[in-house]
Amino acid sequence: MSTHKKLFIPGPVEVRDEVLEKMATPMIGHRTKDASALQKSISEKLQKVMGTKNTIILSTSSGSGLMEGAVRCFTAKKAAIFSIGAFGERWYKMAVCNGVPADIFRSELGQITTPEMVDEALSTGEYDMITITHNETSTGIHNPVGKISEVLKAKYPDVILCVDTVSSMCGDYIPVDEWGIDVCITSTQKCLGLPPGMSIASVSDRALEKAKTIPNRGLYFDYVELAKFVKEKPFQYPSTPSESHMFALDYQLDCILKEGMENRYKRHCEMAELVRDWARKNAELYSDPDNLSVTVTCIKNTLGIPFAEINKKMGERGYLLSGGYGALKETTFRIAHMADTTIEEVKAMLKDLDEVVAELKSQNA
Ligand SMILES: *Cc1c(COP(=O)(O)O)cnc(C)c1O
């Protein structure tokens, strides 16, 4: 393997050495009291981090597993999938592949899902659950979930709200209970700053009660089964969980709470502002300037240099940035600023990026 490149891609992220070391903790019996104590500890800390009293479930899968489980478990009539890019499309595809009735409501790329769009769709009375991408990693914007949830609270209180916070939970400000999010899904390999391989969801009791009435929920990603093992065993996992992730997560959550959620959010805002400044000065921001993501920035490549060349040169300096995703693969590139990355690290990376771009421009001139 070549030397390690520092990751500025939107997952997986750099993982601190102490966290990696926790992954090497010796295994324990997964039906022991110690295993329950570990899962209980993780659950309580996650409730603090996510601002929720809801049940916390873990899944030994990346976030996609719990997203797929959610469309199956919480759709009795029909799901309204609101898409602002690649990850909304993925949620729709999951519904279709599982035979779950669903309609997709697309926004123009680089734009948000508006509360008005949600109101209009739900006013038909056809839908009993909706999915929202909180932070669209392909375009670098975040949705106004707080405002969308106000529409639900005022007019459609029975509709289940499922939110994909895979690339924003623990970086951005997401008060789960205040916003009335029934199902809030995230993964370990993004803002939480752990290796990939585990995902997390908070789930409300009313969503669980509803799920119990829905047949064909599957088994491995069945929220009812996952929650039952948390509530009744208690704090166990239906099959064998990734204990390595659990040891590391328990430790990392202590560090996150020690930093404080507000400080963590502020640090993400500051990192985002530095990268946006670079983009405004040197190229162009891709998305709606009023709703820019605080965890990842999508930049229109107006530099006149193919991004592959930039990333190759950055690689020689020990960095990995990210190309565009999906429909934006050729025209944009992305810089992630999430998890435990520091302001200083972002500044140092941008200085190198300045030098690389100047070098390539002079070569091409
Ligand atoms: C990364 C990502 C996913 C997919 O999550 P996995 O953990 O890779 O399955 C889903 N949604 C968003 C917004 C993402 O950024």
Side-chain angles (χ1 to χ4, degrees), residues 7-15 46 57-72 81-95 97-98 104 106-107 109-113 130-145 148 161-172 174 181 183-202 220-221 241-242 245 248-249 268 272 286-287 291-298 320-329 332-339 341:
L7 301 179
F8 282 87
I9 61 174
V13 297
E14 280 301 299
V15 180
L46 279 168
I57 60 172
L58 305 176
S59 172
T60 298
S61 69
S62 73
S64 300
L66 285 177
M67 286 170 69
E68 184 159 345
V71 283
R72 294 186 69 140
I81 312 274
F82 293 90
S83 173
I84 54 171
F87 290 101
E89 297 297 320
R90 181 180 294 191
W91 225 340
Y92 180 62
K93 211 167 163 188
M94 287 167 176
C97 292
N98 281 285
I104 187 163
R106 295 186 174 95
S107 301
L109 287 183
Q111 301 297 319
I112 57 166
T113 301
I130 71 168
T131 74
I132 302 282
T133 308
H134 174 253
N135 190 76
E136 177 50 66
T137 318
S138 65
T139 59
I141 63 168
H142 60 183
N143 259 325
V145 175
I148 291 168
L161 172 60
C162 296
V163 183
D164 168 357
T165 66
V166 171
S167 61
S168 48
M169 178 55 74
C170 222
D172 205 342
I174 309 168
I181 302 174
V183 182
C184 186
I185 301 166
T186 196
S187 303
T188 48
Q189 80 279 12
K190 298 198 184 173
C191 300
L192 279 163
L194 295 150
M198 186 164 252
S199 52
I200 294 154
S202 68
Y220 193 68
F221 299 115
S242 170
H245 280 88
L249 181 56
H268 279 79
Y286 179 77
S287 289
N291 293 287
L292 294 172
S293 163
V294 302
T295 63
V296 56
T297 297
C298 181
L320 186 69
L321 310 186
S322 188
Y325 191 98
L328 305 174
K329 195 169 168 43
T332 66
F333 62 99
R334 295 169 303 155
I335 299 177
H337 25 82
M338 54 173 73
T341 304

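Not measured: the values here are computed from a predicted model. All ligand and atom numbering here is 1-based and tracks the order in the structure. Nothing fancy with the numbering, it's 1 onward along the sequence. Both backbone and side-chain heavy atoms feed into the values below; hydrogens, waters and symmetry mates do not.
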- Message: Tell me the closest heavy-atom pair linking S199 and L66, and the distance in Å.
- Response: OG-CD1, 3.4 Å
- Single hit among S293, S167, S322 for side chain to side chain donor-acceptor pair (under 3.5 Å) with T137: S167
- Do you see a donor-acceptor pair shorter than 3.5 Å between the side chains of T295 and N135? yes
- Show the protein residues that qualify under the rule heavy atom under 4.0 Å from an atom of ligand 1, listing them in chain and number order. S62, G63, S64, M67, F87, R90, N135, T137, D164, V166, S167, S187, Q189, K190
- Note on the structure: Those residues at least two apart in sequence (or on a different chain) that pass ring pair (Phe, Tyr, Trp, His ring centres under 6.0 Å) with H134 are H142
- If we ignore angles and hydrogens, is there a donor and acceptor under 3.5 Å between the side chains of T297 and R334? no
- Message: Can you confirm whether or not the ring centre of Y92 sits under 6.0 Å from the ring centre of F87?
- Response: no
